[in-house]
Amino acid sequence: KQEVTQIPAALSVPEGENLVLNCSFTDSAIYNLQWFRQDPGKGLTSLLLIQSSQREQTSGRLNASLDKSSGRSTLYIAASQPGDSATYLCAVGSNTGKLIFGQGTTLQVKP
Amino acid sequence: DTAVSQTPKYLVTQMGNDKSIKCEQNLGHDTMYWYKQDSKKFLKIMFSYNNKELIINETVPNRFSPKSPDKAHLNLHINSLELGDSAVYFCASNPLGAGGKETQYFGPGTRLLVL
């Protein structure tokens, strides 16, 4: 049974810092791995999707890596800004479309 | 241009009532999902439909019944509501079969409170 864990549960950093969010999963037979952002009281917004054959994806200041053999993914945020404050969710996808989510990392970037 | 929309946004009701939540997507996707996010913010899949056919049915009480009249709509009907059903329910969609390249697009959520 696939389980997804995210560490840390919460993180507070000053503006401008580079930071890493961690995600681990127990079954390496994944279809893809996705990172989402959720703002308070809002839905989820997709940030990055890494297919199982890929090692990383980049979008602007965000870079996500995937290491299936070790069951890990990281989301790197460069030069953090207060607008990056949100909950970041990692999800492992199967070929049926089912997503199994971690419990999220709540990020606060202080001005 | 709302991609995935849900109605209502908020729903407050009494225990034992029956309620429905509607979801519509205008993205032309063939697969739609329902997720539940509990009070601890943990998000878990409930159902998915592909072209009106049920393909994922997690261990959800049979008081919950999804209905897909067409591939652009997936509604969730809940009978005999219980306190534990209080949560945020999210609808999502994507074009399944895109080789794992397509993410899921989420609606804004329906906040259900059972009193």
Side-chain angles (χ1 to χ4, degrees), chain A residues 1-6 8-11 23 25 28-55 57 59 62 64 66 68 73 75 86-107, chain B residues 2-7 9-10 21 23 25 27 29-51 53-60 71 74 87-111:
Chain A
K1 178 186 172 185
Q2 180 73 268
E3 292 182 0
V4 181
T5 304
Q6 291 185 245
L11 183 62
C23 173
F25 47 95
S28 62
I30 68 172
Y31 200 60
N32 58 47
L33 186 138
Q34 303 183 40
W35 284 92
F36 292 88
R37 168 183 173 142
Q38 185 175 26
D39 291 286
K42 304 287 186 183
L44 279 68
T45 301
S46 177
L47 297 174
L48 291 165
L49 180 152
I50 310 175
Q51 298 176 58
S52 63
S53 59
Q54 297 175 325
R55 294 295 297 253
Q57 281 288 337
S59 176
L62 305 180
L66 174 63
K68 287 198 304 179
S73 175
L75 178 67
T87 296
Y88 291 81
L89 294 161
C90 165
V92 169
S94 73
N95 60 355
T96 62
K98 178 178 176 179
L99 289 178
I100 297 176
F101 283 86
Q103 294 200 254
T105 294
T106 299
L107 171 66
Chain B
T2 304
V4 182
S5 60
Q6 295 180 227
T7 53
K9 192 170 182 180
Y10 299 95
I21 307 171
C23 178
Q25 53 95 4
L27 298 166
H29 292 163
D30 50 17
T31 305
M32 297 183 70
Y33 309 81
W34 276 110
Y35 291 86
K36 178 180 180 180
Q37 188 170 44
D38 62 24
S39 57
K40 296 182 179 178
K41 307 297 184 187
F42 186 57
L43 200 63
K44 187 173 181 182
I45 192 167
M46 300 173 70
F47 303 102
S48 79
Y49 270 73
N50 178 262
N51 278 324
E53 187 174 337
L54 182 67
I55 57 172
I56 296 175
N57 184 350
E58 292 294 293
T59 309
V60 177
K71 73 174 192 178
L74 180 62
V88 183
Y89 293 84
F90 288 100
C91 177
S93 73
N94 77 339
L96 192 63
K101 300 175 187 176
E102 280 283 349
T103 187
Q104 291 182 21
Y105 294 81
F106 281 75
T110 294
R111 284 144 188 85

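When reading the values below, keep in mind they use all heavy atoms of this one structure, side chains included, and skip hydrogens, waters and symmetry mates. So you know, we letter chains A, B, ... as the sequences are listed, proteins then strands, and number each from 1.
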Counting only non-hydrogen atoms closer than 4.5 Å, does A:Q38 touch chain B with its backbone (N, CA, C, O), its side chain (CB onward), both, or neither? side chain
Under the rule for ring-ring contact (aromatic ring centres under 6.0 Å, His included), what residues qualify as partners of B:F90, not counting sequence neighbours? none
Identify which part of B:L43 has an atom lying under 4.5 Å from any heavy atom of chain A, answering side chain, backbone, both or neither. both
Contacts of B:Y105 meeting ring-ring contact (aromatic ring centres under 6.0 Å, His included) (sequence neighbours excluded), chain-then-number -> B:H29
CG of B:N94 to OG of A:S46, rounded to nearest 0.5 Å, is 10.5 Å
Hey, what do you get for OH (B:Y35) to CZ (A:F101), rounding to the nearest 0.5 Å? 5.0 Å
Rounded distance [0.5 Å steps], OG1 in A:T87 versus NZ in B:K41: 8.0 Å
Nearest-0.5 Å distance, CG of residue A:L99 to OG1 of residue B:T103: 7.0 Å
Euclidean distance, B:K44 NZ relative to A:K98 NZ, rounded to 0.5 Å: 7.5 Å
What heavy-atom pair brings B:I55 and A:T96 nearest, and what distance separates the two atoms? CD1-O, 3.9 Å
How about CD on B:E58, more than 12 heavy atoms from neighbouring residues, nucleotides or ligands closer than 6.0 Å, or not? yes
Honestly, the part of B:Q104 sitting under 4.5 Å from a heavy atom of chain A is both
